[in-house]
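So the structure is just underneath, and the comments pick up after that.
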Amino acid sequence: MRFYLTTAIDYVNSRPHLGTAYEKITADVIARYKRLTGVETHFLMGNDEHSQNVYKRALERGLDPRVYCDRMEEEFRTVWKQLDISFDDFIRTTEPRHTAAVQKLTRRCFDKGDIYEGRYEGWYCVSCEAFKQEKDLVEGKCPLHPTLTPEWIREKNYFFRLSKYRDALLEHFRAHPGFVRPDHRRNEMMRLLESGLEDISVSRAGQLWGIPLPFAPENVVYVWFDALINYAAAVGYATDAVRFERWWPADLHVVGKDIMRFHTVVWPAMLMSAGVALPAQVFGHGWVNFGGQRMSKSLGTSLDPSDVAQRFGPDPLRLYLVKEIAYGSDGDFTWERYEERYNVDLANNLGNLVSRVAAMAHRYRQGRLGPTGETSGRLREIPSEVAHLYRQAMDTFAIHEAAACVFRLIDATNSHLTETAPWLLAKEPAAGDRLSQVLFDAAEAIRLAAVLLMPIMPSSCAEILRRMGETRDPSALRLNVDGGWRNFGTREIAQGAPLWPRVEEDVRRAGLAVETGQGKELTVEEKPTGAAGASAAPVTESAEDSRISIDDFMKVDLRVATVLEAEAIHKSKKLVKLKVDTGTDRRTIVAGIAEAYRPEQLVGRTIVIVANLQPAKLMGVESHGMVLAASPEGGKPTLIGFEEPIAPGTRVR
Ligand code: MSP
């Protein structure tokens, strides 16, 4: 079994943004899922270089367009690597294999009589790279690019007889109901076909940047006609017949909703004309907005996915985009929601679960877990149902549902610990076997969840699997074999640093150290899981276990300091950058108090800091210490201060 999937190829007039990254991440999830099911998979991505906008951007930068495109290729590849996108091939439309394919396919259409000479007169939106009809414009502007005035073009053009293929296309849609997914996009395209098709212009006259038409080389191929052919070019359409035979037709084109017409009408008609088989499916994903607005750099509603990946690793962003947006519908990214999901799903729920189970395995079983045949609770009833629903969801591209159902297994595992309370079993000598099985089951459920989540969070799941005793390379795992419950084998469980420290910890480290009304810190087994279904308070261990010695406390160097300067940090609502006098040095500290204090209120103030904290970077600023403040849950922080004047450098204890 083979599976060839592609994404849209990106215009390189700007760097990848969250919207383009969304497409690549979701397609990567599908590719990784296919590989996990043992299907031989070929995943293609690439760059669309022959756009007028690309040409203009290169000239603006004073660069030869090819040199500019070479640089952009590196930028794109770097971002895709940061996001852990596992493409097998990356095509550029300036490559010889692509040029050969474009020339072969246009020649075929021409020889068939489907390309003819005519005259085009009308509007053209350079940003869409599309010819626009009067009715498509709103107050004379392209609705997608209202800041641009469309160009009026009057030139000799070559046209493709798209209208000729209307009936054949309708027939294809009817004979293959799954051709266009999801259903609402299929309906939209059917309506478009039913309303009739006009021939389209497929060349541009007098332009230097593009592929010459083989039968009229003074014209270049219109960028869309050129770009679509990449999918066939990459697997050898004009250059490697054996390879083409192996991979064509494509199984799935993943593209955004805005370019469905090109992929479900124009592209299939081009293939019909050239006598090439049609792809099996086209999936049209929705649009990702930023804070409810269309992504736009100039409006400040854009997000660089590489910044997010560098700060948190790729997986929290991947999970957010997959789980929080119904695949096929539009979605939204906000920092607030991102932080919330990160804390709930990852820090509190999955991350905390992995740490607790590993810690208990070490505390009670020297890190070795094996089954004992004892009963251990209801957990085992859940995985097979989850695995079944997960497969069903993945197979129908409901990737958001697949993610959600794995989190049901994770919730159930947290509940399993709450219900079986291994820390109590550990105190009953007769419950040894039960304790072993309870912990083994928890570890097994985590292993299974990690196998299922691998397509979505590849690097974190590899680490979770390692900690749960998996010794094989994660790429060798297969859903049929490894995706079921295994009540056998002894596992060497490894502990490690928290996988996802809570996001506020960044902020807390910068200033919100004292939690009010929380009582003692919880032990590792007791940490609340945060996720739904695990809300019942766990049975706690004795308070003595969480006490620290005076020596431990004295390791924390608390000192009086004076604020010399304070300034807001760009793009951060919570953080402020302080220059403080500690009595022995002057240093920068980033504090999470910006919502409670304006910078000018801070200058001259006497505060308390943790002076011997390892430096940490927060929003790109290195912080050398932490400011103490009381921070009520959900409220604003209040800085610790003194009633009497006190010299900087004085120790606080
Ligand atoms: N070059 C064409 C595609 C040619 S494919 C033969 C193009 N490029 S693009 O850079 O503008 O867009 C690349 C992909 O990103 C498209 O599928 C587009 O729908 C998608 N997205 C661009 N912005 C997006 C969002 N804000 N949200 C989700 N996807 C978005 O179109």
Side-chain angles (χ1 to χ4, degrees), residues 5-28 44-55 57 69 72-73 75-76 79-80 83 85 90-94 98 101-102 105 125-130 142 144-145 185 202 210-211 221-234 237 250 252-268 270-271 279 282-297 299 301-305 317 320-322 324-333:
L5 83 159
T6 69
T7 63
I9 50 173
D10 296 322
Y11 290 133
V12 294
N13 48 319
S14 60
R15 279 168 56 78
H17 58 68
L18 191 66
T20 39
Y22 172 67
E23 178 176 292
K24 301 340 178 223
I25 288 171
T26 55
D28 186 55
L44 172 73
M45 290 182 14
N47 284 350
D48 191 353
E49 302 185 332
H50 287 135
S51 148
Q52 279 307 296
N53 272 337
V54 172
Y55 186 70
R57 184 57 50 90
C69 290
M72 291 310 278
E73 183 197 7
E75 290 214 21
F76 273 73
V79 176
W80 301 147
L83 294 174
I85 311 289
F90 194 88
I91 188 164
R92 297 176 50 180
T93 52
T94 46
H98 181 72
V102 170
L105 201 134
C125 171
V126 180
S127 270
C128 289
E129 290 286 10
C142 162
L144 294 177
H145 303 100
R185 302 219 191 285
V202 295
I211 298 176
V221 178
Y222 164 50
V223 62
W224 267 102
F225 211 80
D226 161 339
L228 288 162
I229 297 170
N230 88 86
Y231 305 126
Y237 172 60
L252 177 67
H253 293 317
V254 174
V255 299
K257 63 176 183 179
D258 55 322
I259 57 175
M260 286 301 274
R261 189 178 67 90
F262 286 110
H263 284 83
T264 63
V265 175
V266 178
W267 176 226
M270 288 163 67
L271 291 169
V282 181
F283 186 91
H285 61 75
W287 212 250
V288 183
N289 294 321
F290 183 78
Q293 298 199 39
R294 194 182 146 85
M295 229 157 307
S296 148
K297 264 197 187 154
L299 296 174
T301 54
S302 181
L303 182 77
D304 188 338
L317 180 65
Y320 179 100
L321 293 174
V322 171
E324 300 310 307
I325 301 174
Y327 202 37
S329 304
D330 289 349
D332 197 27
F333 181 97

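All ligand and atom numbering here is 1-based and tracks the order in the structure. Heads up: numbering here begins at 1 and tracks the sequence.
- In this structure the side chain of Val54 never reaches within 4.5 angstrom of the side chain of Asp48, judged on heavy atoms.
- Between His17 and ligand 1 there is a heavy-atom distance shorter than 4.0 Å.
- Residue-level proximity to ligand 1 for Ile259 is carried by the side chain, the only part with a heavy atom below 4.0 angstrom.
- Considering backbone and side-chain atoms together, Gly256 places an N or O closer than 3.5 Å to an N or O of ligand 1.
- Numbered from 1 in the order shown, with element, the atoms of ligand 1 that lie under 4.0 Å from a heavy atom of His263 read 5 (S), 6 (C).
- Nearest protein heavy-atom contact of atom 27 (N) of ligand 1 is Val288 N, 2.9 Å.
- Close contacts between ligand 1 and Ala227 involve ligand atoms 6 (C) [criterion: under 4.0 Å to a heavy atom].
- Looking from atom 15 (O) of ligand 1 to the surrounding protein, the closest heavy atom is Thr20 CG2, 3.5 Å.
- In this structure, the protein non-hydrogen atom closest to atom 3 (C) of ligand 1 is Ile9 O, 3.2 Å.
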Report task. Report the C-alpha separation of Gln52 and Val223 in whole Å, then their side-chain angles, then the decisive distance to 0.1 Å, and conclude whether the side chain to side chain contact (heavy atoms under 4.5 Å, CB included) test is met. Result -> CA-CA 8 Å; Gln52 279 307 296; Val223 62; over 6 Å; no

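- For atom 21 (N) of ligand 1, the nearest non-hydrogen atom from the set Phe290, Trp267, Trp287, Phe333 belongs to Trp287.
- Between Val266, Val254, Asp258, it is Asp258 that holds the heavy atom closest to atom 19 (O) of ligand 1.
- Summarising the geometry, atom CZ belonging to Phe283 is positioned 14.0 Å from atom OG1 belonging to Thr7; distances are rounded to the nearest 0.5 Å.
- Residue Asp10 touches ligand 1 through backbone and side chain together, judged by heavy-atom distances below 4.0 Å.
- Taking 4.0 Å as the cut-off, Glu129 does not count as a neighbour of ligand 1 on heavy-atom distance.
- Using a 4.0 Å cut-off to heavy atoms of Asp48, the atoms of ligand 1 that qualify are 1 (N), 2 (C), 4 (C).
- Residue contacts with ligand 1, taken as heavy atom pairs separated by less than 4.0 Å, involve Trp224 solely via side-chain atoms from C-beta onward.
- The side-chain heavy atoms of Val12 and Glu73, taken from C-beta on, include no pair separated by under 4.5 Å.
- To the nearest 0.5 Å, atom CD1 of residue Ile85 and atom CZ of residue Phe76 are 12.5 Å apart.
- Atom 25 (C) of ligand 1 has as its closest protein heavy atom Gly19 CA, 3.3 Å.
- By the 4.5 Å heavy-atom criterion applied to side chains, Arg294 and Leu144 are counted as neighbours.
- To the nearest 0.5 angstrom, His253 atom NE2 is 11.0 Å from Met260 atom CE.
- In terms of polar-atom proximity, Tyr22 is not counted as a contact of ligand 1, lacking any N or O under 3.5 Å from an N or O of the ligand.
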Query - Trp224 vs Val266, side chain to side chain contact (heavy atoms under 4.5 Å, CB included): CA-CA, chis, key distance, verdict - result: CA-CA 9 Å; Trp224 267 102; Val266 178; over 6 Å; no

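- At the shortest separation from atom 16 (C) of ligand 1 among protein heavy atoms lies Glu23 OE1, 3.4 Å.
- Only the side chain of His285 comes within 4.0 Å of ligand 1, judged by heavy-atom distances.
- Taking all heavy atoms of Phe225, Tyr231, Tyr11, Phe262 into account, the minimum distance to atom 6 (C) of ligand 1 is reached by Tyr231.
- Of all heavy-atom pairs spanning Trp267 and Ala232, the tightest one is CH2-CB, 4.3 Å.
- Here the straight-line distance linking atom CG of Leu83 with atom OH of Tyr22 works out to 14.5 Å at 0.5 Å rounding.
- For the pair Gly286 and ligand 1, a heavy-atom separation below 4.0 Å is found.
- In this structure, the side chain of Thr93 engages the main chain of Glu49 through a donor-acceptor pair within 3.5 Å.
- Atom CG of residue Leu228 and atom CG of residue Leu271 lie 8.5 Å apart, to the nearest 0.5 angstrom.
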